[in-house]
Amino acid sequence: MNRVVMKFGGSSVATIEKMKAVAARVIRRHESGESVVVVVSAMGKTTNQLLELAAQASRNPSKREIDLLLSTGEQVSVSLLTLIFNDLGYPAIGLTGQQAGIKTIGLHTKNKIDDIDPTKILKHLDDGKIVVVAGFQGINEEGDITTLGRGGSDTTAVALAAKLSCNAEIYTDVSGIYGVDPRLYPQASQLAAITYEEMKEMAFLGAKVMEPRSIEIGHRFNVNILVASAHTDEPGTWIKEHVPMEHKSITGISVSENVILVSLHHLPPKAKVIADLFVKLAQNEINVDIISQNMTPDGTMDVAFTASMDDMATVHAVLDSIQLTHPQSQIVIDPDIVKVSVVGSGMRTQSGVAAKLFELFSQNDIDFKLVTTSEISISYTMDKSLKTKAVALIAGTFNL
Ligand code: ASP
Ligand code: MG
């Protein structure tokens with residue numbers, strides 16, 4: 001029989017009314033003969049509220065107790081939704097993470113799914129029941145309740161689908177995945193499909209649609225994932241291994257504003273100077289992204305790199321020490337920049353994407369500062385003021 005895992009997030013189960021709408025959607029699938037496992041998050045903002053209570057109770061709450069506390073949020077959703085199914089006359093059973101066989105490892109509040117024993121779920125499905133499972137939680141080797149980190153219900157859903165060899169359908173407030181943020185480019189069209197790779201690249205580059213770990217699991221176990229609206233019957237976006245051959249060379253654009261550009265001028269032209277700089281940055285746990293280095297005609301060296309805005313203070317401190325060592329150097333930190341990245345698996349086989357973009361930028365006076373490429377992406381660092389123009393140009397040219 002056809003199985004499916006359907007996951008509903010916190011806002012889709014925020015009230016009993018909304019849960020009834022979820023139930024109706026699930027029942028249609030159940031009636032059409034599918035074996036349905038439903039994964040739910042905690043109602044609305046419950047998880048945040050529980051965390052606030054914990055903060056009132058203790059200045060330094062133990063993570064084990066936090067897990068115990070947070071896991072109740074999902075259990076409330078599970079039991080209420082199951083009651084709704086039963087009330088409507090449908091056989092259903094609610095399961096905690098532990099009852100669903102979800103075994104986890106790691107640190108409390110940040111556990112990872114180690115394995116799932118699906119015996120119980122399979123038995124209930126065989127009995128014709130709708131199985132409702134608490135997302136975001138499991139049980140560790142000590143028998144303690146654990147949670148998977150914020151947004152972890154997506155991970156539960158995809159991991160269950162992997163174990164049950166079926167698709168995972170993630171129902172949310174958005175109707176699917178867009179190649180470009182519609183707030184930046186209102187004409188943006190929704191993607192019918194995107195590869196795991198592209199999705200990971202987009203998530204990494206700043207787009208927040210799903211918990212990135214769930215995409216990783218989907219990729220590893222080849223689970224087709226549907227992201228679709230919880231409120232309408234629009235088709236949604238499939239995340240999978242392969243998308244049609246006619247796939248565009250560029251699938252999406254992601255924009256990260258949380259970036260600073262650091263430029264160092266007039267450094268002595270020595271490899272050791274660069275090594276010292278990046279070792280210092282690494283020792284301070286600063287993640288450096290794009291790096292460029294070049295020798296100038298006056299016999300000195302320029303180095304530039306991007307880092308996260310969150311690390312601004314630490315970057316400042318490191319650079320102050322570099323300035324002391326090299327008094328003649330000139331150091332500039334520019335926070336008014338963005339990183340615009342174009343992503344597409346098609347780039348692997350189609351050449352000329354970079355050329356087309358360079359041409360586009362030169363014709364339209366978009367002066368970028370740094371460029372970097374990966375196998376399936378090209379990122380440009382540019383002034384914040386150019387963001388909207390650049391995105392609209394790329395999206396228009398590549399039909400996104
Ligand atoms: N309720 C948890 C959270 O708010 C897990 C989830 O919603 O996926 O992070
Ligand atoms: Mg969520």
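Ligands are counted one by one from 1 in listed order, and the atoms in each one are counted from 1 as well. Just so it is clear, the values below take in all heavy atoms, side chains as well, and ignore hydrogens, waters and symmetry mates.
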Quiz item: Would you say G152 contacts ligand 1, with heavy atoms under 4.0 Å as the rule?
Solution: yes

Quiz item: Is the closest heavy atom of G151 to ligand 1 under 4.0 Å?
Solution: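 In this structure, G151 qualifies as a contact of ligand 1 - some heavy atom is under 4.0 Å.
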
Practice problem: Could you tell me how the ring of Y380 sits relative to the ring of F368: parallel (under 30°), tilted (30 to 60°) or perpendicular (over 60°)? | Solution: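 The arrangement is perpendicular - the two ring planes meet at more than 60°.
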
For a quick test of your reading: what N or O donor-acceptor pairs under 3.5 Å do the side chains of residues 100-110 make, sequence neighbours left out?
from: T104; atom 1: OG1; to: N111; atom 2: OD1; distance (Å): 2.6
from: T104; atom 1: OG1; to: T146; atom 2: OG1; distance (Å): 2.6
from: H108; atom 1: ND1; to: D67; atom 2: OD2; distance (Å): 2.6

Quiz prompt | Atoms of ligand 1 close to S41 [distance to a heavy atom under 4.0 angstrom, numbered from 1] | solution = 6 (C), 7 (O), 8 (O)

Quiz item: Which atoms of ligand 1 sit under 4.0 Å from any heavy atom of R150?
Solution: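 What qualifies from ligand 1 is 3 (C), 4 (O), 9 (O).
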
Exercise. Give a yes or no on whether the ring-centroid distance for F8 and Y171 is below 6.0 angstrom.
Key: yes

Self-check item: Check: F278 ring centre within less than 6.0 Å of F305 ring centre
Solution: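 Centroid distance F278-F305: below 6.0 Å, so yes.
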
Practice problem: Flag F136 as yes when one of its N or O atoms lies below 3.5 Å from any N or O atom of ligand 1, and as no otherwise. | Solution: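 N/O-N/O distance below 3.5 Å does not exist for this pair.
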
Quiz item: Can an N or O of E74 be found at a distance shorter than 3.5 Å from an N or O of ligand 1?
Solution: yes

Practice problem: Could you tell me whether the side chains of T147 and Q137 share a donor-acceptor contact shorter than 3.5 Å? | Solution: no

